[in-house]
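Order of the sequence lines fixes the chain letters, A, B, ..., with proteins taken first and strands second; residue numbering starts at 1 for each chain.
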2 protein chains.
Amino acid sequence: MAGRPTNRDERYLQVMQALVRCVARFGLEGATLTQIAKEAGLTRPLIRHHLGNREEMIGYLTEFVISRFSEQNTTMISALPKQERSTALVQMLFSESAVSAPDMVLAFASLTARATDDADLRAKCRTSLLSFEDAIAKILRDDHPSVDDIRIDATAHGIAALYFNVTSLAPLAMPENRKSLASLVAHNLLEDLKD
Amino acid sequence: MAGRPTNRDERYLQVMQALVRCVARFGLEGATLTQIAKEAGLTRPLIRHHLGNREEMIGYLTEFVISRFSEQNTTMISALPKQERSTALVQMLFSESAVSAPDMVLAFASLTARATDDADLRAKCRTSLLSFEDAIAKILRDDHPSVDDIRIDATAHGIAALYFNVTSLAPLAMPENRKSLASLVAHNLLEDLKD
DNA sequence: TAATTGATTGTCATTATTGACAGTAAAGCA
DNA sequence: TGCTTTACTGTCAATAATGACAATCAATTA
């Protein structure tokens with residue numbers, strides 16, 4: 001009754017990672033099926049079998065990037081300690097391990113650039129970004145309950161902006177001291193909340 | 001002795017603006033000659049006449065984007081008042097007029113993404129970015145001579161990162177209050193220098 | 001073993017894009 | 001008017017990429 005077992009999920013992950021990598025490097029239009037196949041170590045028809053045509057491919061990509069973002073945030077937040085959460089958060093965001101996922105951010109940037117023409121995509125990117133900032137804001141508020149919302153939101157926005165900037169500039173291989181500058185600024189922003 | 005007068009410079013500007021616009025929207029590979037022509041209101045062969053083949057085109061683009069960045073910075077700095085320069089700088093950076101040039105930043109982002117594979121390009125983008133931050137730092141130092149260099153550099157880095165983030169996220173058409181948040185954070189960073 | 005289901009591959013026509021070249025038009029000067 | 005220089009256009013072969021379909025392989029169950 002049943003046939004060959006599906007490996008759809010693992011293949012999907014494998015293909016998606018290759019896709020993200022290619023889009024990060026060559027942009028949405030520059031990511032050729034052949035390149036994706038090469039990156040994934042698979043054949044072109046197989047990629048197409050899993051991803052469908054180009055339009056569907058972009059749909060899968062947005063779904064993947066956005067959902068991964070959201071779940072990455074929740075896991076990061078759940079990994080925070082009980083006290084000094086905001087400091088720990090900033091340390092996680094600007095540690096090497098977190099910055100080692102720049103392809104994701106670059107792919108996200110490619111999507112946002114295209115969002116000019118696509119209202120749906122724009123809405124998705126926007127809510128994704130806002131929920132990221134909101135998650136940060138929530139943690140900040142826990143540590144600083146007496147600070148008013150605007151300052152909390154502004155600080156969260158600043159930390160998010162710094163994170164995106166540092167991460168999306170990873171291809172430039174900036175000198176090491178520049179990276180630590182971003183972390184320093186983020187901590188300064190946290191200090192401001194203690195006044 | 002002399003022939004038809006050249007309009008190379010004006011055409012060059014016209015073509016370049018169309019190119020920047022297309023690259024901002026569709027990425028480096030997605031910017032088709034036909035699209036550029038359509039955007040510029042010219043014919044495809046004419047575009048090719050001025051830009052040469054694709055490789056040369058990218059060369060022209062980097063030259064254009066980077067030089068415009070540098071000269072935009074110098075003009076902005078020369079437009080600053082005598083006193084309270086750092087505050088005025090932040091206001092200029094986050095005013096509507098400055099943010100109305102997001103295509104430039106998006107094109108720059110496309111170039112940086114490709115810089116992974118191209119050492120020359122990487123070096124150019126890097127120095128361009130660093131000189132931007134240095135220009136900011138110089139102004140900050142004028143207003144706060146007693147603050148040590150690391151804090152100055154960190155603040156300059158933060159302001160630059162905020163600017164890039166806000167500008168490159170322009171396609172998302174963020175709600176108005178979010179934009180003012182970035183400006184607020186930048187001013188907060190300035191306040192920190194007064195301790 | 002046969003059947004079934006899905007993964008994987010091979011192949012090809014269609015299309016889009018490029019690169020190149022020859023040729024035409026326009027604008028200045030002798 | 002003729003000459004020269006540059007802008008601009010038309011056209012076409014070559015290439016790269018896509019989309020689609022048929023065919024084959026692999027794994028599981030009856």
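Here A/Thr34 does not reach the OP1 or OP2 of D/dA16: none of its side-chain N or O atoms lies under 4.0 Å away. Contact between the side-chain N/O atoms of A/His49 and the OP1/OP2 oxygens of C/dT8 is not found at any separation under 4.0 Å. Taking 4.0 angstrom as the limit, B/Arg11 places a side-chain polar atom (N or O) nearer than this to OP1 or OP2 of D/dC8. Distances shown here put a side-chain N or O of A/Asn7 below 4.0 Å from the OP1 or OP2 atom of C/dT8.
With distances taken from any side-chain atom of A/Asn53 to the nucleotides D/dG19, D/dA17, D/dT9, the minimum falls on D/dG19. Side-chain proximity of B/Arg8 to the nucleotides D/dA7, C/dG10, C/dA7 is greatest for D/dA7.
Donor-acceptor pairing under 3.5 Å, judged by distance alone, is present between the side chain of A/Arg44 and the base of D/dG19.
The residue from A/Leu33, A/Ile36, A/Leu28, A/Thr32 that alone fulfils the side-chain contact (heavy atoms from CB on, under 4.5 Å) condition with A/Cys22 is A/Ile36. Checking A/Leu162, A/Leu184, A/Leu89 one by one against A/Phe94, the side-chain contact (heavy atoms from CB on, under 4.5 Å) holds for a single residue, A/Leu162.
Position along DNA chain C of the nearest nucleotide to A/Arg4 versus A/Thr43 favours A/Arg4 as the more 5'-ward residue. The nearest heavy atom of DNA chain D to A/Pro45 and to A/Gln35 marks one nucleotide each, and the one closer to the 5' end goes with A/Gln35.
With hydrogens and angles ignored, the 3.5 Å screen pairs no side-chain donor or acceptor of B/Thr167 with any backbone N or O of B/Phe164.
Annotation for A/Ile150: atom CD1 does not count as buried by contact number, only 12 or fewer foreign heavy atoms lying within 6.0 Å.
Taking the screw axis at each terminus of the helix from C/dT1-D/dA30 to C/dA30-D/dT1 from five consecutive base pairs, the angle between the two is 0° to within rounding of 10 degrees.
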